[in-house]
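A short write-up of the structure that comes next.
One-based numbering, in listed order, for ligands and for the atoms of each. Along the sequence shown, the residues carry numbers beginning at 1. Hydrogens, waters and symmetry mates are skipped; everything else that's a heavy atom, side chains included, is used.
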Amino acid sequence: MATEHDTMTRTVLKVGGLNAWYGESHVLHGMDFDVGEGEVVTLLGRNGAGKTTTLKAIMGLMEKRSGSVEFGGVETISLPANRIGRLGIGYCPEERGIFSSLNVEENLLLPPVVRKDGLTTEEIFDLFPNLLERLHSQGTKLSGGEQQRVALARALAPGPRIMLMDEPFSGLDNRLRDEIRDTTLAVLKDSGTAVLLVTHEPDEAMRMADDIALMRDGKIVQQGAPYNIYNAPVDREAVAFFSDVNVIRGTVQGALTETPFGQFLAPAVPEGQEVEIVIRPQHLKIDFDRNGSGPLATVQDGTPARGVVVRARFMGNESLVEFRMDHDGSIIKATVPNVFLPKPGKPLWLTIRRDRCFVFPASG
Ligand code: ATP
């Protein structure tokens with residue numbers, strides 16, 4: 001049956017209830033996701049979440065797997081890896097597999113890289129014009145960025161319908177990495193290739209992905225567009241994966257939780273349940289009016305709570321200020337645009353943007 005996803009983009013890879021084991025150890029637990037033509041889906045998670053194992057299970061490289069893995073409608077769960085490899089899958093491993101003793105062209109032409117019906121060398125160089133400059137650089141060591149481009153060009157050469165990429169930008173320095181991410185994304189989008197990209201970096205996922213599958217302990221805990229994952233996180237850990245967080249605890253009474261920052265709505269949380277109000281540093285505000293003679297904070301901002309500056313650091317576009325709160329001695333972090341570097345010991349009042357905080361049942 002055609003799903004909404006199928007009608008928007010043609011599904012290239014469809015994974016359903018995928019499980020995988022290393023020996024007796026059950027590592028993937030019921031993974032479900034699709035990747036459509038021209039779509040970039042990222043598997044995002046901490047080390048050991050099971051991202052690389054997912055790629056291996058898709059390619060048929062796990063000794064034991066179950067569930068369903070369809071490429072272009074072909075079920076592959078019981079096919080051997082060499083048959084799966086012929087279905088139009090490109091793979092960019094984390095190690096890149098580039099040979100420093102070979103020049104760019106030789107690396108690209110390594111069998112079985114350029115296959116029948118794939119791209120010609122000229123077409124590859126059309127995609128990556130700056131590789132040409134390095135073509136005759138025999139003996140010169142390729143830089144990390146060049147290696148990344150060669151590895152990508154090589155994986156794209158056979159004209160795959162889907163690219164599986166494992167941490168493709170690791171080991172590159174920051175500025176180069178941003179540039180290479182953008183070029184790579186442009187090349188992949190132009191070619192209409194479906195992409196499944198593994199990363200442990202939230203910034204990378206936000207920059208590259210149409211859809212993010214957030215993984216933990218061999219499971220997808222949340223999947224959606226970057227905006228939704230960031231703004232409607234499923235739990236405290238999902239918020240904390242993308243940024244620093246502040247956590248304020250309280251107990252629900254009559255669908256409300258009373259805190260030193262005022263009352264917070266806790267709909268659908270049982271009476272008497274302890275909750276965590278999770279707030280990112282950029283959504284705390286320093287109530288300068290309270291500190292001067294102006295009006296108090298608006299209703300939306302709740303009640304101001306007082307803290308004392310512990311430390312303030314300039315971060316470039318903003319300043320990060322840490323406070324020790326008067327009410328319980330906890331540390332709260334707030335970011336303030338531009339330069340704001342109050343001296344340690346200075347008392348200030350803080351409010352919380354209630355529309356930007358998340359309320360979850362307390363963990364642990
Ligand atoms: P990383 O970013 O560190 O590669 P990952 O999210 O890709 O992390 P995996 O490498 O897929 O995680 O590992 C998932 C789980 O499987 C981890 O608990 C890991 O220790 C285990 N694991 C990985 N490879 C093997 C192996 N060859 N044999 C046994 N267990 C393994």
Side-chain angles (χ1 to χ4, degrees), residues 13-35 40-69 71 76-77 80-82 84-85 89-98 144 147-148 151-152 155 162-174 177-178 180-181 184 194-224 226 229-230 233-243:
L13 171 67
K14 192 169 184 60
V15 173
L18 179 63
N19 286 273
W21 290 259
Y22 287 108
E24 293 299 303
S25 170
H26 189 175
V27 239
L28 294 186
H29 304 265
M31 303 274 296
D32 288 305
F33 62 91
D34 296 353
V35 189
V40 178
V41 174
T42 63
L43 299 176
L44 173 67
R46 298 190 196 284
N47 288 348
K51 307 177 299 290
T52 299
T53 305
T54 307
L55 297 190
K56 284 169 71 178
I58 288 170
M59 290 185 288
L61 298 174
M62 297 295 289
E63 224 171 89
K64 189 172 163 204
R65 61 175 194 159
S66 70
S68 168
V69 178
F71 285 107
T76 66
I77 200 72
N82 59 353
I84 297 173
I89 303 165
Y91 178 45
C92 252
E94 189 168 359
E95 300 77 19
R96 301 202 181 105
I98 298 300
Q147 285 187 23
Q148 197 282 335
L152 179 68
I162 185 160
M163 279 283 278
L164 309 182
M165 307 175 84
D166 197 347
E167 305 273 2
F169 310 106
S170 61
L172 303 176
D173 67 67
N174 281 352
R177 191 164 52 201
D178 286 348
I180 291 184
R181 278 175 183 156
T184 303
V195 178
L196 180 60
L197 183 146
V198 158
T199 181
H200 65 274
E201 286 187 37
D203 286 357
E204 183 158 299
M206 301 286 277
R207 198 174 180 110
M208 303 288 290
D210 298 304
D211 222 32
I212 294 175
L214 190 60
M215 283 190 75
R216 203 182 295 152
D217 301 329
K219 297 185 196 100
I220 295 177
V221 292
Q222 190 174 9
Q223 185 170 2
I229 299 272
Y230 191 85
V234 72
D235 56 20
R236 170 183 166 171
E237 218 178 312
V239 190
F241 198 78
F242 288 88
S243 68

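Of all atoms in ligand 1, numbered sequentially from 1 with element shown, those under 4.0 Å from a heavy atom of A49 are 5 (P), 6 (O), 12 (O). Residue-ligand proximity, R46 to ligand 1, at heavy-atom distances under 4.0 Å covers atoms 6 (O). Residue V27 approaches ligand 1 through these ligand atoms, each under 4.0 Å from one of its heavy atoms: 14 (C), 15 (C), 16 (O). Close approach of ligand 1 to T53 is summarised as follows: ligand atoms under 4.0 Å from at least one heavy atom of the residue are 9 (P), 11 (O), 13 (O), 14 (C). If you number the atoms of ligand 1 from 1 as listed, the ones under 4.0 Å from a heavy atom of G50 come out as 5 (P), 6 (O), 9 (P), 11 (O), 12 (O), 14 (C).
Looking at M215 against ligand 1, nothing comes within 4.0 Å, counting heavy atoms.
Of the listed residues (I212, T42, D166), just one forms a side chain to side chain contact (heavy atoms under 4.5 Å, CB included) with L197, and that residue is T42.
Salt bridge E24/K64: absent, no basic N to carboxylate O contact under 4.0 Å. Checked for salt-bridge contact, R207 and D178 meet the test: a charged N lies under 4.0 Å from a carboxylate O. Checked for salt-bridge contact, D203 and R181 miss the test: no charged N lies under 4.0 Å from a carboxylate O.
A distance-only check finds no donor-acceptor pair linking the side chain of D211 to the backbone of A209 [under 3.5 Å].
Residue K56 has no N or O atom closer than 3.5 Å to an N or O atom of ligand 1.
Note: H26 and W21 have parallel aromatic rings, judged against thresholds of 30 and 60 degrees for the angle between ring planes.
For G45, the heavy-atom gap to ligand 1 stays at 4.0 angstrom or more.
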